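Inspection log for the structure reproduced underneath, given as structure tokens.
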Amino acid sequence: MGFSEEMVVKVVQENGEGNTDSILETLLTYSALETTASVQQNPDSGNCSSDYEGSLLNDFSDFDSFSESEEIMSPSSEEGRKLLHLTKMGYSEAEASVVMERCGLCYLIHFCNIFLLMVGRMSKFHLDSIKDPRLFNCCIENGPDSTIEELTDFICAAQIAKAADALFPLEDKKPFSNGSSHKKRRNWGYDLLLRKKKLKLEKRFDEDDDAVHLPNPMIGFGVPNEPDQITNRVLPEAALGPPYFYYENVALAPKGVWTTISRFLYDVEPEFVDSKFFCAAARKRGYVHNLPIDNRFPLLPFPPRTIHEAFPLTRKWWPSWDTRTKLNCLQTCIASARLTDKIRKALEDSDGEPPLGIQKFVLEQCRKWNLVWVGRNKVAPLEPDEVEMLLGFPRNHTRGGGISRTDRYKSLGNSFQIDTVAYHFSVLKDKFPGGINLLSLFSGIGGAEVALHQLGIPLKNVVAVEIAELNRNILRSWWEQTNQRGTLTDIQDVQELNGDRLEQLIKNFGGFDLVVGGSPCNNLTGSNRYHRDGLEGKDSALFFDFCRILDLVKCIMNGTKSMII
DNA sequence: TAAAAGATGATACAAGAC
DNA sequence: GTCTTGTATCATCTTTTA
């Protein structure tokens, strides 16, 4: 079923460039005929047209183990062997583990069987497609109910789009609202250059596992009032909107995590930014997005940039030997009273300036727990109100309504830094003067919504997905208090967002303009001493749901949902 | 029973010494 | 180049308290 370039050109000439439905039908017909002829010529091999035979043998030379389907089907096969099969199919070990853990063995066997059946029918192009994360997501989305036809349709669609990409220039691309039929399929395409780049990248990663380097200083494509601004970049074609998307997570993740995140999000280069360039506290985060990066502007007035500006009363008690001007990352837990008491006693024991040993101990604890000076020899953790302010949220945003102090710290510690995110979102203000339709995944206490609101971008329709009821209540409360004119739909679980639900929402709203999400970092952050398991961790694996949902939104908005659902 | 408090390192990176 | 040192990190689990 592979489409050679000659075949595509011939079919386009026969049907005309504008008649894509006819092109698709003819291509499928020709392809089916060619496959039939090929199988008849060589029924044992099962491979398709002779054009690809040589390369196919080479391409599949690594897949010898797949020749014995019974072995994979056998209930006695070990999980490790399945893992090996998946890794040979082009997935990283982590990704394969996620499939096995999340989808179960029946999915895995189903997945492998699909692959086996397709190997006999696929062209070289198909091999590329089956390694694509979208097929991975398609299998997860459809699960055991998916059929060979559905999956081959998926790949055929990708193939058609690829052919269309070669024929229709990029500049023809128009926004979703007025896209023509041939443009609707454009987002399925992944051009050859991109694929080559990807392979090159993967090869480089093999040589150097630490391929994604964190910039120093951590300013991403630029921050306000700093030199070295980057104002343009070339996005991979598959990453282009609509919709715009914006993904966030901790920058200091285990090795290889950002490589995987980038690969699953269309090979878009992550932008690593430390929020210390926007406020008085550090927050090192990675952002993968397809937003424009020119003509960004910050929220005004600027928030306080130093500890003393943020907390002027601490200046009186701040010792000269504590040289901090910025706080470290605001976490979900605070220091104990026992620790601050220990520090007070250690300082009171020394007459005048404490000895270097005491200074070192106190400074270490102050840095670790973000303690500030509130009296003579007295340090204290930040109050929830103060954390709210540093993160750019309205005062009392998380206060009241049944939430405990502990939970306020937790919710705030897991949220965006508003000024940082708003700086990135600012490019949308001119593009959506009439308001924006937002799909907010893992919305938490509404960092994305607050950032857009503070930029003056009207919120037309917001679908917020958040597992914690407390956080949903906070967002709902903010929504009502700020007299939003749009609609807020809250959903508890990302698993509820399947193709049908998304199709309905998109039908109601006319599509999403922006998909935002910061999936759980629990298994990525260095603060986690127990389960820092990477992207296959119980919570952080929800990243793949972000990818799944984003892919579905793109597919539905481009009118091709029926090809994978 | 819920909230608060207390105890619990590993990992990764940068910078400097050699 | 290698080694050491210093530093930062959207947390989890158990116990105590109200």
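Note that the coordinates shown come from a computational prediction; the quantities given were computed from them, not determined experimentally. Chain letters run A, B, ... following the sequence lines, proteins first and then strands; every chain starts at 1.
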side-chain contact (heavy atoms from CB on, under 4.5 Å) partners for [X], two or more places apart:
X	value
A/Pro304	A/Glu309, A/Ala310, A/Met389
A/Glu383	A/Glu386, A/Arg405
A/Ser477	A/Gln481

Residues in salt bridge (Lys or Arg N to Asp or Glu O under 4.0 Å) with A/Lys410, at least two apart? none
Hits for salt bridge (Lys or Arg N to Asp or Glu O under 4.0 Å) against A/Asp407, two or more places apart or cross-chain, chain-then-number order -> none
Is the distance between the ring centroids of A/Trp478 and A/Phe393 under 6.0 Å? no
Please report whether the ring centroid of A/Phe546 lies less than 6.0 Å from that of A/Phe264. no
Using chain A heavy atoms and a threshold of under 4.0 Å, write down where along DNA chain C the contacts begin and end, 5' to 3'. C/dA8 to C/dC13
Nearest-nucleotide check on DNA chain B, A/Trp369 vs A/Pro254; residue mapping nearer the 5' end is A/Trp369
Interface residues of residues 335-346 of chain A with DNA chain B (non-hydrogen, below 4.0 angstrom): A/Ser336, A/Ala337, A/Arg338
For DNA chain B, the residues among residues 396-407 of chain A that have a non-hydrogen atom under 4.0 Å from it: A/Ser404, A/Arg405, A/Thr406
In this structure, how many angstroms lie between the [atom2] atom of [N] and the [atom1] atom of [X], rounded?
X	N	atom1	atom2	answer
A/Leu252	B/dA10	CG	C1'	13 Å
A/Asn528	B/dA10	CG	C1'	10 Å
A/Asp533	B/dT11	CG	C1'	13 Å
A/Leu214	B/dT11	CG	P	18 Å

Indicate, with a heavy-atom threshold strictly under 4.0 Å, whether A/Glu248 touches base, sugar-phosphate, or nothing. base
By the 4.0 Å heavy-atom rule, please label A/Ser519 as base, sugar-phosphate, or nothing. base
Please list residues of [range] whose heavy atoms come under 4.0 Å from any atom in DNA chain C, ordered by number; otherwise none.
range	value
residues 467-477 of chain A	none
residues 270-287 of chain A	A/Ala282, A/Arg283, A/Lys284, A/Arg285
residues 412-421 of chain A	A/Gly413, A/Asn414

Write down the distance separating the P atoms in C/dC10 and B/dG6, rounded off to the nearest Å. 24 Å
Name the stems with DNA chain B in them: runs of three or more consecutive Watson-Crick or G-U pairs, distances under 3.5 Å? B:1-8 with C:11-18, B:10-18 with C:1-9
Do NZ/NE/NH1/NH2 and the carboxylate oxygens of A/Arg408 and A/Asp385 come within less than 4.0 Å? yes
